[in-house]
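The structure appears right after this line, and notes come after that.
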Amino acid sequence: MIDKKELKREYRENPPVMGIYRIRNLANEKAFVGSTLNLTGIFNRYRSQLNAGNHPNKSLQADWKSSGAESFVFEILEEISPRETSDYKSDLEVFENLWLEKLEPFGEKGYNEPKKTRGERLQMISARNKNSNDEIAD
């Protein structure tokens with residue numbers, strides 16, 4: 001029988017490795033940069049999605065299909081060490097933004113979309129709400 005308390009204790013003592021990662025296409029040097037609370041988990045999930053043909057990044061998926069899995073490497077750019085009190089998601093976002101700024105994996109150089117500013121996000125939400133309200137009024 002599985003001892004849930006023991007599993008929880010082991011998890012607390014050995015948290016997953018978190019950090020910033022890059023998926024790099026060796027054929028064209030394009031890259032995708034992201035952050036996660038579980039590097040092993042994200043690598044496994046992305047490989048599975050890409051192999052199944054259902055990764056949400058269509059450009060990355062298309063290159064995976066045309067170049068083959070052997071043309072891609074999964075790399076850890078930076079690990080975040082666990083601390084007693086920390087907002088890991090906030091830390092990861094800061095480090096991810098720094099790596100995105102450094103590597104600029106956008107357009108011809110990568111699979112990422114440039115991050116939208118707060119103002120741009122608010123404009124998108126406002127436009128969506130306006131369109132929804134217009135549809136309701138019709």
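Scope of the values below: all heavy atoms of this structure, side chains included, with no hydrogens, waters or symmetry mates. What you see is a predicted model, and the numbers here were worked out from it, not measured in a lab.
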Contacts of Lys89 meeting salt bridge (charged side-chain N to carboxylate O under 4.0 Å, His left out) (sequence neighbours excluded), chain-then-number -> none

Atom pairs and distances, side-chain donor-acceptor, residues 39-47, under 3.5 Å, sequence neighbours left out:
residue : atom : partner : partner atom : Å
Asn44   : ND2  : Thr40   : O            : 3.3
Tyr46   : OH   : Tyr21   : OH           : 3.3

Can you list the steps and then say if Met18 with Asn38 is a side-chain contact (heavy atoms from CB on, under 4.5 Å)?
-> CA-CA 5 Å; Met18 58 187 127; Asn38 184 339; over 6 Å; no

side-chain contact (heavy atoms from CB on, under 4.5 Å) partner of Ile20, the single match among Ile76, Val33, Asn97 | Val33

Compare every heavy atom of Tyr88 with every heavy atom of Ser81, then report the nearest pair and how far apart it is.
-> O-CE2, 4.3 Å

With sequence neighbours excluded, residues passing salt bridge (charged side-chain N to carboxylate O under 4.0 Å, His left out) with Glu93 = none

Apply the test side-chain contact (heavy atoms from CB on, under 4.5 Å) to residues Leu103 and Asn112: give CA-CA distance (whole Å), side-chain angles for both, the deciding distance (0.1 Å), then the verdict.
-> CA-CA 11 Å; Leu103 299 175; Asn112 290 81; over 6 Å; no

Residue pairs meeting salt bridge (charged side-chain N to carboxylate O under 4.0 Å, His left out), one or both in residues 26-37, sequence neighbours left out, come to Arg24-Glu29

Contact list for residues 51-60, test side chain to side chain donor-acceptor pair (under 3.5 Å), sequence neighbours left out | Asn51-Trp64

Contacts of Asn25 that satisfy side-chain hydrogen bond (donor to acceptor under 3.5 Å, both in side chains) - sequence neighbours left out = Asn28, Tyr111

Mind checking whether Leu60 and Leu77 sit in one hydrophobic cluster, side chains of I, L, V, M, F, W, Y counted as touching below 4.5 Å?
-> no

Do Leu26 and Phe72 belong together in a cluster built from hydrophobic side chains that touch within less than 4.5 Å?
-> no

Output all residues satisfying salt bridge (charged side-chain N to carboxylate O under 4.0 Å, His left out) with Glu79, sequence neighbours left out; order by chain, then residue number.
-> none

Could you check if a side-chain atom of Thr36 sits within less than 4.5 angstrom of a side-chain atom of Leu92, using non-hydrogen atoms only?
-> no

Excluding sequence neighbours, so at least two apart, what forms side-chain hydrogen bond (donor to acceptor under 3.5 Å, both in side chains) with Glu78?
-> Trp99

Cluster question for you: counting only ILVMFWY and a side-chain heavy-atom cut-off of under 4.5 Å, with indirect links fine, are Val17 and Phe95 together?
-> no

Provide the closest heavy-atom pair for Ser67 versus Ala27 in the form atom of the first, atom of the second, distance.
-> OG-CB, 4.1 Å

Qualifying residues under salt bridge (charged side-chain N to carboxylate O under 4.0 Å, His left out), relative to Arg22, sequence neighbours excluded = Glu75

List in chain and number order the residues that pass side-chain hydrogen bond (donor to acceptor under 3.5 Å, both in side chains) with Glu96, two or more places apart in sequence or in another chain; answer none if no residue qualifies.
-> Ser35, Lys115

Is Phe32 reachable from Phe74 through a run of I, L, V, M, F, W or Y residues, each pair having side-chain heavy atoms under 4.5 Å apart?
-> yes

